[in-house]
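Below is one structure, written out as structure tokens; the observations come after it.
Basis for what follows: all heavy atoms, side chains included, without hydrogens, waters or symmetry-related copies. Chain letters run A, B, ... following the sequence lines, proteins first, then strands; residues in each count from 1.
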Protein chains: 2
Amino acid sequence: MPMETPVKDRTYSIRQLSKEFDVTARALRFYEDKGLISPERKGQTRLYSPRDRARLQLILRGKRLGFSLIEIHEILDLYTPKDHGVAQMRATLGKYRGQIETLKRQREDIEAAIKDMSDGCVWLEDQIDQLEAENAQ
Amino acid sequence: MPMETPVKDRTYSIRQLSKEFDVTARALRFYEDKGLISPERKGQTRLYSPRDRARLQLILRGKRLGFSLIEIHEILDLYTPKDHGVAQMRATLGKYRGQIETLKRQREDIEAAIKDMSDGCVWLEDQIDQLEAENAQ
DNA sequence: TCTTACATTTACGTCAACGTAAAGTTATGT
DNA sequence: ACATAACTTTACGTTGACGTAAATGTAAGA
């Protein structure tokens, strides 16, 4: 009976990841080139760990939110424990808070956009109802 | 005594708008080139109406949310009343709803991001507190 | 009238984020 | 043994969103 591979040690090929998240292998290599992910190598080929996978998720979320790869890189930095002195940790904390502020501003933009469009939606529905009532005469 | 200019008829120069919203005049002309805004002309020079100003606000909000100019163009289309047949209005309504779905997905991404970072923030604060407690010995 | 400030168009330059083609390597099935 | 599939690197191409330079026009102030 073969040993179960512990989840921690699972690895993913570049194709598996690209299929799962619907990005091209080219993109994954590009992200590596830009220092966003650093998968292990078995000889030449890349082996992505669960941690790499998690980082990719963060990258893609960042993209959906419209951040540049550079900004995403900075955000990822915040996620990777530095474990330095208290001063460094304070600095990091500051960046955390700054990032949170950015996100909250963005959230307000979204709320506003959703409200605008929802209102427009309701208005349109009313117009349609009205025209239909006329036609039903 | 000079007549007060009614708000409706106020106009803005390209510089005024670019300063107010902190974008370059080049960008404004570029947006016009792409059909996102269409200011009046007094001779050669552009005169932006309050409606143009409002459109610009929508454009910039779209940008902050990471939409491309093409996507923003489509969104702007939704804001400009077409006043066509019921069939068209139904189609437009569909686009509205699709856009709203997109925005809601984006909102979930943001909520998740904010939660992640807030948690990390709290964790970091705890770490710092702990290290300080040690140092205080 | 001359300068200064802001406006215009035209056109080439740039940077990010990949796409794509070429040429080669490694593992897998028949 | 050989094809096929999936991986690799290198390098040039592309698209979007402007920047920037050049040449020109216009209106206001010294």
query: Rounded to the nearest Å, what distance is computed from the CG atom of residue A:D22 to the P atom of nucleotide C:dC18?
result: 13 Å

NZ/NE/NH1/NH2 to OD/OE distance under 4.0 Å, A:E71 and A:K34: no

- prompt: Taking only N and O in the side chain of B:R41, is any of them less than 4.0 Å away from OP1 or OP2 of C:dT9?
  reply: yes

field: Rounded distance in Å - CZ (A:R46) to C1' (D:dA6)
entry: 13 Å

field: B:R26, nearest nucleotide to its side chain (from D:dT8, C:dA7, D:dC18)
entry: D:dC18

task: Kindly say if B:Y31 contacts the phosphate of D:dA17, meaning a side-chain N or O under 4.0 Å from OP1 or OP2.
output: no

- line: Between A:S13 and B:L69, whichever has its closest DNA chain D nucleotide further toward 5' is A:S13

field: Contact under 4.0 Å: B:K42 side-chain N or O vs D:dG25 OP1/OP2
entry: no

- line: To the nearest angstrom, the CD-C1' distance between B:Q44 and C:dT8 comes to 5 Å

- line: Between CZ of B:R15 and P of C:dA5 the distance, given in whole Å, is 13 Å

message: Do the side chains of A:E125 and B:R97 get close enough for a salt bridge, i.e. N-O under 4.0 angstrom?
response: yes

message: Please pick, from D:dA17, C:dT9, C:dA7, the nucleotide with the shortest atom-to-atom distance to any side-chain atom of B:S68.
response: D:dA17

message: With a cut-off of less than 4.0 Å, is there a side-chain N or O of B:K34 near OP1 or OP2 of D:dT15?
response: no

query: In terms of side-chain heavy atoms of B:I70, which of D:dT8, D:dG16, D:dC18 is nearest?
result: D:dG16

statement: To the nearest angstrom, the CG-P distance between B:D33 and C:dT9 comes to 9 Å

field: Nearest-neighbour nucleotide for the A:A27 side chain, C:dC18, C:dA16, C:dT8 considered
entry: C:dC18

message: Please report the distance, rounded to the nearest Å, between CZ in B:R29 and P in D:dA17.
response: 19 Å

query: Does a salt bridge link B:E32 with B:R41, judged by any charged N lying under 4.0 Å from a carboxylate O?
result: yes

query: Does the distance from a Lys or Arg side-chain N to an Asp or Glu carboxylate O, for A:D116 and B:R61, drop under 4.0 Å?
result: yes

- prompt: In whole angstroms, how far is the P atom of C:dT8 from the CD atom of B:E40?
  reply: 14 Å

- prompt: How close or far is atom C1' of C:dC15 from atom CZ of B:F30, stated in whole angstroms?
  reply: 14 Å

message: Check this for me, if you would: do A:D119 and A:K115 make a salt bridge, where the nitrogen-to-carboxylate-oxygen distance has to be below 4.0 angstrom?
response: yes

task: Find which nucleotide of DNA chain C each of A:T45 and A:T24 is nearest to by heavy atoms, and output the residue with the more 5' nucleotide.
output: A:T24

